[in-house]
Amino acid sequence: MNSSAARADDRIAAVIPCFRERESILDVIGGIGGEVQRIYVVDDACPDATGALVEERSDDKRVTVIRHSENRGVGAATISGMRAALADGADVIVKLDGDGQMDPALISEIAGPVLRGEADYAKGNRFHDPTSLGEMPLVRLLGNIVLSFVSKASSGYWNVFDPTNGFVAVHASVARRLPLDEISGRYFFESDMLHRLYLLRAVVADVPMTARYAGTGESKLSIGGSMVEFPLKHFRNGLRRLLLTYVLRDFNIASIELLLSLPLILSGTIFGLATWIPNAAAGVETPSGTVMLAALPIIIGVQMLLAFLQFDMSNVPAKPVQRPVS
């Protein structure tokens, strides 16, 4: 499966988590081409009975409707679909939303790097297309930019952007190695997936895409809520990644730079403030030697932190870990 071209018999499954997607779901299913062998519509306890609508109105033989008895979130719905696809022998699983913002005609492009063995996981990136950005609401645009940078540092995938993009594809052999029960079941799902993939050293590829906003309704993701919840979860994931990567699994020069940089910066800052504030209050000039004692550890710490970041950016997984699916 590491060949340069996709095999003719690769089995692609599409997973569509649904919550209040009654107006768009049939169009989304109708736009899925023949490259997809199975379609799993996951009704996440929809109050508008999206799953029932699909069963009544869709005559596509590829479609299977999965129901949740209670609302568990887009991540949990996606995982339910992934489990079903794995049980049915899919080689590649593509997840797209049911609100019509993701063009089903792009499924082949999103799955392409995975099918060709170039990546274990591929995701859409709306920031490659200026036209698409012009249609994106400003608040959502700014929120995605901030979250994208935080996600880079947290996940270790400095080469990808637009981490909340839900148009993704994953190789089945990699999906089987993921701790599906531990991945976030709500809107942090895509970011948490990147964290788990890095721990597997899986290769992630960005695929340029356009998004459609007109007529697709409001995003269910609250930017205000995510700006509070997401950073805390990114901090947790980032700390775990650093400990596993640079302390438990390996210990190298980058580990030393990381462990020394933060104490040096912190100690220099504390010492500087502890001496400068009382002197400033008393109207006394702080001696140059004291200033240097505070500045030197900060300067050294910053240099070591920059060196670590340079190493971490070059440590992005580069060799796919996918295996042929039997």
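What you see is a predicted model, and the numbers here were worked out from it, not measured in a lab.
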Handout entry: Tyr246 backbone acceptor or donor facing Ser255 side chain under 3.5 Å
Key = yes

Handout entry: Thr50 (side chain) donor-acceptor with Phe19 (main chain) under 3.5 angstrom
Key = no

Problem - Shortest non-hydrogen separation from Ser80 to Ile66 and the atoms involved - result: O-CD1, 4.0 Å

Exercise for the section: Would you check if Glu21 and Ile16 make a side-chain contact, meaning some heavy-atom pair closer than 4.5 Å? Expected result: no

Completion exercise
To the nearest 0.5 Å, atom OG1 of Thr275 lies from atom CG of Leu273 at 8.0 Å

Exercise for the section: Please confirm whether the backbone N or O of Asp162 pairs with a side-chain atom of Ser148, one donor and one acceptor, at under 3.5 Å? Expected result: yes

Handout entry: Ala202 to Val174 - nearest heavy-atom pair and separation
Key = CB-CG1, 4.4 Å

Practice task
Could you grab the distance from atom OG of Ser261 to atom CD1 of Ile256, nearest 0.5 Å is fine?
Solution key: 12.0 Å

Handout entry: Shortest non-hydrogen contact from His234 toward Ser154
Key = O-OG, 3.1 Å

Handout entry: Spatial distance of atom NZ (Lys233) from atom OG (Ser191) [nearest 0.5 Å]
Key = 10.0 Å

Handout entry: Verdict with supporting geometry, Ile253 and Glu257, side-chain contact (heavy atoms from CB on, under 4.5 Å)
Key = CA-CA 6 Å; Ile253 188 62; Glu257 291 168 343; 4.0 Å; yes

Exercise for the section: Let me see the working for His171 and Asp120 under side chain to side chain donor-acceptor pair (under 3.5 Å), right down to the final yes or no. Expected result: CA-CA 6 Å; His171 194 269; Asp120 301 303; over 6 Å; no

Handout entry: Any donor-acceptor N/O pair, Arg11 side chain to Gly89 backbone, under 3.5 Å
Key = yes

Problem - Under 3.5 Å donor-acceptor, Gln322 side chain and Ala119 backbone - result: yes

Practice task
Report whether Met82 and Ile107 are members of the same hydrophobic cluster (ILVMFWY, side-chain heavy atoms less than 4.5 Å apart, transitive linking).
Solution key: no

Problem - Smallest separation among heavy atoms of Gly124 and Asn165, with atom names - result: O-ND2, 3.1 Å

Handout entry: Asp43 side-chain N/O to Cys46 backbone N/O, donor-acceptor pair under 3.5 Å
Key = yes

Exercise for the section: Mark yes when over 12 heavy atoms from residues, nucleotides or ligands other than Arg57 sit less than 6.0 Å from its CZ; otherwise mark no. Expected result: no

Completion exercise
So CG of Leu309 and NZ of Lys152: to nearest 0.5 Å the spacing works out to 13.0 Å

Handout entry: Check against side-chain contact (heavy atoms from CB on, under 4.5 Å), His195 and Asp192
Key = CA-CA 5 Å; His195 169 66; Asp192 208 19; 4.1 Å; yes

Practice task
Grab the two heavy atoms, one from Cys18 and one from Ile25, that are nearest each other, plus how far apart they are.
Solution key: SG-CD1, 3.5 Å

Problem - Cluster link Val92 to Val207, ILVMFWY, side chain under 4.5 Å - result: yes

Completion exercise
When rounded to the nearest 0.5 Å, the distance separating CZ of Phe308 from CE of Met313 is 10.0 Å

Problem - Thr245 side chain to Leu242 backbone, donor-acceptor under 3.5 Å - result: no

Exercise for the section: Please tell me if the side chains of Arg241 and Asp312 come closer than 4.5 Å, counting only heavy atoms from C-beta onward. Expected result: yes

Practice task
Please step through side-chain contact (heavy atoms from CB on, under 4.5 Å) for the pair Ile110 and Lys123, ending with a clear verdict.
Solution key: CA-CA 6 Å; Ile110 298 295; Lys123 53 175 289 297; over 6 Å; no

Problem - CZ (Phe251) with more than 12 external heavy atoms under 6.0 Å - result: yes

Fill in the blank from the handout: Heavy-atom nearest pair, Ala111 first then Val94, reads CB-CG2, 4.0 Å

Exercise for the section: Give a yes or no on whether the backbone of Leu147 and the side-chain of Ser151 come within a donor-acceptor separation of less than 3.5 Å. Expected result: no

Problem - Sub-4.5 Å side-chain heavy-atom contact between Asp44 and Val74 - result: no

Exercise for the section: Determine, using the 4.5 Å side-chain heavy-atom cutoff (strictly less than), whether Ile298 and Leu264 are members of one ILVMFWY cluster. Expected result: no

Handout entry: ILVMFWY network linking Ile183 to Leu199, side-chain heavy atoms under 4.5 angstrom
Key = no

Exercise for the section: For the pair Arg201 (side chain) and Val321 (backbone), establish whether a donor and an acceptor sit closer than 3.5 Å, ignoring hydrogens and angles. Expected result: no

Problem - Pro179 vs Arg196 side-chain heavy atoms within contact, under 4.5 Å - result: yes

Exercise for the section: Kindly indicate, with the supporting measurements, whether the criterion side-chain contact (heavy atoms from CB on, under 4.5 Å) is fulfilled by Ile265 and Val302. Expected result: CA-CA 7 Å; Ile265 295 173; Val302 169; 4.0 Å; yes

Exercise for the section: State plainly whether the residues Arg83 and Asp181 are in salt-bridge range, i.e. N to O under 4.0 Å. Expected result: yes

Practice task
Decide whether Val114 and Ile12 are clustered together by the hydrophobic rule: side chain heavy atoms of Ile, Leu, Val, Met, Phe, Trp, Tyr closer than 4.5 Å, transitively.
Solution key: yes

Handout entry: Passing option when Tyr157 is tested against Val203, Val316, Asp206 for side-chain contact (heavy atoms from CB on, under 4.5 Å)
Key = Val316

Problem - Min side-chain heavy-atom separation Leu178-Met193 under 4.5 Å - result: yes

Problem - Validation row: Phe188, Asn237 side chains within 4.5 angstrom (heavy atoms) - result: yes

Problem - Heavy-atom check, side chain of Glu55 versus side chain of Arg67, under 4.5 Å - result: yes

Practice task
For Asp97 and Asp99, indicate whether the former's side chain and the latter's backbone hold a donor-acceptor pair under 3.5 Å.
Solution key: no

Practice task
Using a 4.5 Å cut-off on heavy atoms from C-beta on, say whether the side chain of Tyr198 contacts that of Asn315.
Solution key: yes

Problem - Interatomic spacing from CD1 in Ile79 to CG in Leu180 - rounded to 0.5 Å - result: 5.5 Å

